[in-house]
Amino acid sequence: MEYYTTKNKLILTEYGRNIQQMVEYAMTIEDRAERTRCVKTIINIMGNLFPHLRDVNDFKHKLWDHLAMMSNYQLDIDYPYEVVKPDTLQSKPDKMPYPNRNIKDRHYGNNLPRFVKAATELSDPEQTDKLMGILANQMKKYVLTWNKDNVEDQRIYNDIIEMTDGKFQANENSIKLKESKEFTTTNNNNNKKKQNWNNHKNNKK
């Protein structure tokens, strides 16, 4: 009995061993014209294995690439396309730069301080005040997420002044912050809704 473990390793398993053997047979044909005709037949069979991909761009080109790979790039024929080279497959992509930012206040993240600073650059002071009020309440919400205790409003005001390099003098007159319990109540309500939804889904199973 012949085991698969004793046979040659499949290069592209999605085509199966029969296609691999056809490619290996084509490589043994001495006549170049006959070898080319044999290979074209193999390409048609390979395409019939994936009829749902026939409308995909460069589908034929991919088949010839795969054929070259299955022959270990040793098949001597005139390819109708420029097939992918082995060194291209082995090349590694360029290393992506990772943003190296020192986050002073991790509970605010990277974007929120940038938004606060950008708000001071708006030409309309009324829009600046309105946007700063929204951002300040979001800041308080983030702080409460990290610290369940009550958060003093002055802490938020001081953070805004520092983020804007003193360009925006945040205080109780310029920004109206919500009470801490309002954020807590909203979070509790959201948690209850989530729990009710999970219970509903579990009961339907």
Side-chain angles (χ1 to χ4, degrees), residues 1-115 118 138 141-142 145-146 186-187 189-205:
M1 180 181 293
E2 186 178 11
Y3 293 95
Y4 278 105
T5 53
T6 63
K7 295 182 178 181
N8 295 335
K9 183 179 178 181
L10 291 178
I11 298 176
L12 294 176
T13 57
E14 58 267 35
Y15 290 106
R17 188 164 298 279
N18 288 335
I19 298 294
Q20 179 70 47
Q21 290 176 340
M22 291 180 189
V23 175
E24 292 172 357
Y25 169 74
M27 294 170 60
T28 65
I29 300 176
E30 296 182 0
D31 183 73
R32 185 182 179 86
E34 182 63 26
R35 184 167 58 246
T36 301
R37 283 194 294 270
C38 179
V39 167
K40 288 181 179 178
T41 301
I42 297 174
I43 286 291
N44 290 332
I45 297 174
M46 290 168 59
N48 290 335
L49 294 176
F50 306 100
H52 56 289
L53 297 178
R54 289 187 178 278
D55 295 331
V56 176
N57 291 336
D58 298 330
F59 176 62
K60 276 280 189 181
H61 194 167
K62 293 181 187 299
L63 293 179
W64 285 97
D65 285 339
H66 293 168
L67 180 80
M69 293 169 62
M70 284 190 284
S71 70
N72 283 321
Y73 301 94
Q74 296 178 7
L75 190 58
D76 182 19
I77 59 170
D78 293 325
Y79 288 94
Y81 303 94
E82 183 178 355
V83 296
V84 64
K85 301 293 190 296
D87 54 349
T88 305
L89 295 175
Q90 296 174 359
S91 63
K92 296 182 179 180
D94 296 334
K95 188 175 181 180
M96 293 185 63
Y98 189 81
N100 185 18
R101 301 191 187 101
N102 294 323
I103 305 176
K104 182 180 179 182
D105 299 310
R106 291 188 176 276
H107 47 277
Y108 292 141
N110 274 325
N111 291 329
L112 191 55
R114 293 167 56 195
F115 293 153
Q138 189 66 31
K141 182 178 179 180
Y142 284 170
T145 302
W146 283 62
T186 301
N187 289 335
N189 289 337
N190 289 336
N191 289 335
K192 287 181 180 178
K193 289 180 180 178
K194 185 177 180 180
Q195 184 61 42
N196 290 336
W197 172 246
N198 289 333
N199 292 338
H200 175 70
K201 289 195 298 183
N202 292 332
N203 290 334
K204 290 183 67 178
K205 291 182 179 180

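These numbers come from the heavy atoms of this one structure, side chains and all, not from hydrogens, waters or symmetry mates. We count residues from 1, following the sequence as given.
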Would you name the heavy atoms of [X] and [Y] that are closest together and state the gap between them?
| X | Y | result |
| --- | --- | --- |
| Trp64 | Val83 | O-CG1, 3.8 Å |
| Glu24 | Thr28 | O-CG2, 3.4 Å |
| Met70 | Leu12 | CG-CD1, 4.0 Å |

Worksheet item: Does anything in residues 57-69 pair up under salt bridge (charged side-chain N to carboxylate O under 4.0 Å, His left out), and if so which pairs, sequence neighbours excluded?
Response: none
Worksheet item: By side-chain contact (heavy atoms from CB on, under 4.5 Å), which residues pair with Ile29, not counting sequence neighbours?
Response: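 Here the qualifying residues are Tyr25, Glu34, Arg35, Cys38.
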Worksheet item: Checking side chain to side chain contact (heavy atoms under 4.5 Å, CB included) for the pair Leu49/Ile19: CA distance, chi angles, key distance, verdict?
Response: CA-CA 10 Å; Leu49 294 176; Ile19 298 294; 4.0 Å; yes
Practice prompt. Any chance you could lay out the side chain to side chain contact (heavy atoms under 4.5 Å, CB included) test for Lys40 and Thr36, step after step, and finish with the verdict?
Written response: CA-CA 6 Å; Lys40 288 181 179 178; Thr36 301; 4.0 Å; yes
Item to complete: Over 60° means perpendicular and under 30° means parallel, so classify the ring planes of Phe50 and Tyr15, tilted if in between.
Response: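 Aromatic pair Tyr15/Phe50 classed perpendicular.
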Item to complete: Could I get the full list of salt bridge (Lys or Arg N to Asp or Glu O under 4.0 Å) partners for Glu82, not counting sequence neighbours?
Response: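 Partners of Glu82 by the salt bridge (Lys or Arg N to Asp or Glu O under 4.0 Å) criterion, ordered by chain and then number, come out as Lys85.
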Supply the atom-to-atom distance [X] [atom1] to [Y] [atom2], rounded to the nearest 0.5 angstrom.
| X | Y | atom1 | atom2 | value |
| --- | --- | --- | --- | --- |
| Tyr81 | Leu63 | OH | CG | 9.0 Å |
| Gln20 | Ser71 | CD | OG | 9.0 Å |
| Met27 | Met22 | CE | CE | 15.5 Å |
| Met46 | Leu67 | CE | CG | 5.5 Å |
| Met69 | Leu75 | CE | CG | 14.0 Å |
| Leu112 | His107 | CG | NE2 | 9.5 Å |

Item to complete: Quick one: do Tyr79 and Val39 satisfy side chain to side chain contact (heavy atoms under 4.5 Å, CB included)? Show the steps, please.
Response: CA-CA 10 Å; Tyr79 288 94; Val39 167; over 6 Å; no
